[in-house]
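Below is one structure, written out as structure tokens, with a few remarks after it.
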2 protein chains.
Amino acid sequence: MRDKLLERKSGVALWRQIADMIRSDIASGAAGADGKLPSEMKLAERYRVNRHTVRSAIASLEQEGVLRSEQGRGTFVRRRKRLSYPITRRTRFSAGLGNQAGSTSTRMLESHEEPASETVADALGISAGDPAIRLETISDADGVPVSRATSWFDATRFADIRKTFEEHASITRALASCGVRDYMRRSTVVEARHASAEDIELLGLSAGAIVLVTRAINVDAEGKPVHYSETRFAADRVELKIDNDDQTAPTSARSDKGPLEPGRHRP
Amino acid sequence: MRDKLLERKSGVALWRQIADMIRSDIASGAAGADGKLPSEMKLAERYRVNRHTVRSAIASLEQEGVLRSEQGRGTFVRRRKRLSYPITRRTRFSAGLGNQAGSTSTRMLESHEEPASETVADALGISAGDPAIRLETISDADGVPVSRATSWFDATRFADIRKTFEEHASITRALASCGVRDYMRRSTVVEARHASAEDIELLGLSAGAIVLVTRAINVDAEGKPVHYSETRFAADRVELKIDNDDQTAPTSARSDKGPLEPGRHRP
DNA sequence: ACAGATTTGTGCGTATGTATG
DNA sequence: CCATACATACGCACAAATCTG
């Protein structure tokens, strides 16, 4: 809420700039602490625009489900707390959000075998052009889409991954069915960009929305890559939390320890 | 480069949507691999717009310094690789980017003492309303602004932090001057949002640009918080790399090792 | 119950920006 | 460069719903 300067003829409509500001003010807790937004007139003065322009911004946020206006009463924030998604050695979708959402689910959109690109091959420790299986999934928390992931597996080792995922609706359990008793995250790269039209459609975002993108490599107990993923999180619904003190069994110091037994995992 | 669908009346002009796509395609390496963009006519066909519209997009990217057009030859990418900023227990700005950029620098914009907000107090382990020192900095790599940070320190313990930062132009060295021989990152929260007008101005971004935001807590050898920061990275210039296998001396096991000397930091 | 103030909803005319051909 | 169409932004006015004294 610190700044109110808008840019004209910047290629971004004023109403959209205002909508973006209000949305991020809400997400950061700076606006509508009491659930009520300032009146349209006050907002118009603050941003130094016409009331119509503020109304366009509000209309767009109503469409998104962020705000709700009532004639004669005011404009109110629809409460929606941002989820905190932990990035640890033991990153798991359901377990990570389990305590913040009532229900979580992941479903498959599509799956195909395809030759591995340079990037994918590098991540999975195979050769470019080797067969890989691509798995497109989307994940919900409390019925709201949260993230969309593209996963790749070594087709030689995980020929059945599509079938086992369909059975279990979980990558962790699908890998377990394929003989991977446990896996750990080796590295995560985070970037942010505008959502593609496809992600806007599937995640139910609005034009110009932002996605947090993670590219992750998961390895088995022997340190061999089993799963490479690119996940797009709706940036206005999720933040990533990195525990730099993460003390869960490190992969590199574990070869002398043998594989982890089920049940040793932290809750 | 997967998607080419543009949205009309989305509040974002077509030329800007196209400019955003081209910019992110360049950042992700999907476009202009050979340094040359497709011709304006080809781009117009791909995005299904008039050539005028493509030209507006290109003009805007030329202004930004991303592209360079030459009459009769074509449009070329000005090389600018995305920096990879490591998030580890031992996160340090200069050391982290040192091998990717020729020079890095951090300078102070402003500093004030102010009562700690709830969030800041919680992070620093003090009480809300206790005096805190806020330090606004901006960091460059090879002369290009990369990130803008707001840091907070316990004013009781680090009364001189402003002066020592001015002397050393580095938070690590400023803290060292205040008796903190070493510090470690405890946690990092990552989110993404549209850049504020102020950050657009100071980081030299374009309207509608995205910033990656990290909120980090750094602790001393005894595990006591010494530094809380909120850093905004220009999302089209930087990605964050998390090494989930990070084996740098964990804070919990480091009191017996003594402080690190300058230059001992890993490359 | 009432009047007046506040707030959102709606209509219309006009000027400028954006996109096409 | 022009003509055309539509989206955006503004200013003013007034209606409808709600709150306050």
Side-chain angles (χ1 to χ4, degrees), chain A residues 1 3-23 25-26 31-79 194 197 200 206-209, chain B residues 3-23 37-64 67 69 71 75 194 197 200 206-209:
Chain A
M1 194 118 91
D3 230 313
K4 287 129 205 167
L5 298 178
L6 302 191
E7 306 199 17
R8 314 213 170 206
K9 46 187 168 177
S10 64
V12 182
L14 290 180
W15 65 262
R16 171 155 286 283
Q17 295 184 57
I18 292 168
D20 290 341
M21 283 193 195
I22 293 176
R23 193 195 302 100
D25 281 351
I26 290 170
D34 52 350
K36 190 163 185 280
L37 232 59
S39 74
E40 295 175 350
M41 272 305 294
K42 284 206 163 47
L43 288 171
E45 281 169 27
R46 166 183 305 175
Y47 296 116
R48 323 195 120 243
V49 296
N50 192 277
R51 192 167 73 95
H52 284 304
T53 310
V54 169
R55 285 181 55 76
S56 297
I58 291 174
S60 144
L61 292 173
E62 275 189 271
Q63 193 63 29
E64 273 181 53
V66 176
L67 295 178
R68 166 181 44 88
S69 292
E70 293 179 32
Q71 193 170 34
R73 301 222 315 128
T75 304
F76 304 86
V77 178
R78 275 186 207 269
R79 276 273 150 261
H194 289 101
I200 284 174
S206 60
Chain B
D3 230 317
K4 287 133 203 163
L5 299 178
L6 302 191
E7 307 201 13
R8 312 209 173 209
K9 52 182 167 178
S10 64
V12 183
L14 289 182
W15 66 264
R16 172 155 286 283
Q17 294 184 56
I18 292 168
D20 290 341
M21 282 192 194
I22 293 176
R23 194 194 303 101
L37 232 58
S39 73
E40 293 178 353
M41 270 308 294
K42 283 206 162 47
L43 287 172
E45 282 169 26
R46 167 185 305 174
Y47 296 116
R48 322 194 123 245
V49 297
N50 194 280
R51 195 169 73 96
H52 291 308
T53 312
V54 170
R55 285 181 57 76
S56 298
I58 290 175
S60 146
L61 292 173
E62 275 190 88
Q63 192 63 28
E64 270 180 56
L67 296 179
S69 293
Q71 196 169 44
T75 305
H194 289 99
I200 285 175
S206 57

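Keep in mind that the numbers below use all heavy atoms, side chains included, and drop hydrogens, waters and symmetry copies. Residue numbers start from 1 in every chain, and the chains themselves are labelled A, B, ... in the order their sequence lines are given, proteins ahead of strands. The model shown is predicted, which means the values in this text are computed figures rather than measured ones.
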Spacing of [X] atom [atom1] relative to [N] atom [atom2], expressed in whole Å:
| X | N | atom1 | atom2 | value |
| --- | --- | --- | --- | --- |
| A:Phe76 | C:dT6 | CZ | C1' | 12 Å |
| A:Asn50 | C:dG13 | CG | C1' | 13 Å |
| A:Arg68 | C:dT7 | CZ | P | 17 Å |
| B:Glu45 | C:dG21 | CD | P | 13 Å |
| B:Arg55 | C:dT18 | CZ | C1' | 16 Å |
| A:Glu40 | D:dA9 | CD | P | 16 Å |
| B:Gln17 | D:dA7 | CD | C1' | 13 Å |
| B:Leu14 | C:dT18 | CG | C1' | 8 Å |

Shortest non-hydrogen contact between [X] and [Y], atoms and distance:
| X | Y | value |
| --- | --- | --- |
| A:Val77 | A:Arg68 | O-NH2, 4.4 Å |
| A:Lys36 | A:Arg73 | CE-O, 3.3 Å |
| A:Ala19 | A:Ala57 | N-CB, 3.7 Å |
| A:Asp20 | A:Arg23 | OD1-NH1, 3.1 Å |
| A:Ser56 | A:Trp15 | CB-CB, 3.5 Å |

Exercise. Report, as yes or no, whether the 6.0 Å neighbourhood of atom CD on A:Glu70 holds more than 12 heavy atoms from other residues, nucleotides or ligands.
Key: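 Atom CD in A:Glu70 is packed in, count exceeds 12.
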I'd like a table of atom pairs between the protein and nucleotides 19-21 of chain D - only N or O on both sides, under 3.5 Å - with the distance next to each one.
residue: D:dC19; atom: OP1; partner: A:Arg73; partner atom: NH1; Å: 3.2

Exercise. Check the pair B:Lys42 / B:Arg46 against side chain to side chain contact (heavy atoms under 4.5 Å, CB included), numbers first and verdict last.
Key: CA-CA 6 Å; B:Lys42 283 206 162 47; B:Arg46 167 185 305 174; over 6 Å; no
Quiz item: Side chain of A:Ser69: nearest nucleotide among D:dC10, C:dG9, C:dT7?
Solution: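 Closest nucleotide among those given: C:dG9.
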Under 3.5 Å, which protein N or O atoms sit close to an N or O of nucleotides 13-15 of chain D? Give each pair with its distance.
none

Quiz item: Start at the 5' end of DNA chain D and walk down; is the nucleotide closest to A:Val49 or to A:Glu70 reached first?
Solution: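 Final value for this comparison: A:Val49.
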Practice problem: Kindly compute the distance separating CD (A:Glu62) from OG (A:Ser69), expressed to the nearest 0.5 Å. | Solution: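 One finds 3.5 Å between CD of A:Glu62 and OG of A:Ser69.
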Quiz item: How long is the gap from CZ on B:Arg51 to OG on B:Ser39, to the nearest 0.5 Å?
Solution: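 So the gap between those two atoms works out to 9.0 Å.
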Self-check item: Derivation and outcome, side chain to side chain contact (heavy atoms under 4.5 Å, CB included), residues A:Asn50 and A:Leu14
Solution: CA-CA 10 Å; A:Asn50 192 277; A:Leu14 290 180; over 6 Å; no
Quiz prompt | Single hit among A:Leu37, A:Thr75, A:Val54 for side chain to side chain contact (heavy atoms under 4.5 Å, CB included) with A:Ile22 | solution =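 Testing A:Ile22 for a side chain to side chain contact (heavy atoms under 4.5 Å, CB included) against A:Leu37, A:Thr75, A:Val54 leaves exactly one candidate, A:Leu37.
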Quiz item: Which of residues 56-63 of chain A have a heavy atom under 4.0 Å from DNA chain C?
Solution: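 Under 4.0 Å from DNA chain C: no residue of residues 56-63 of chain A.
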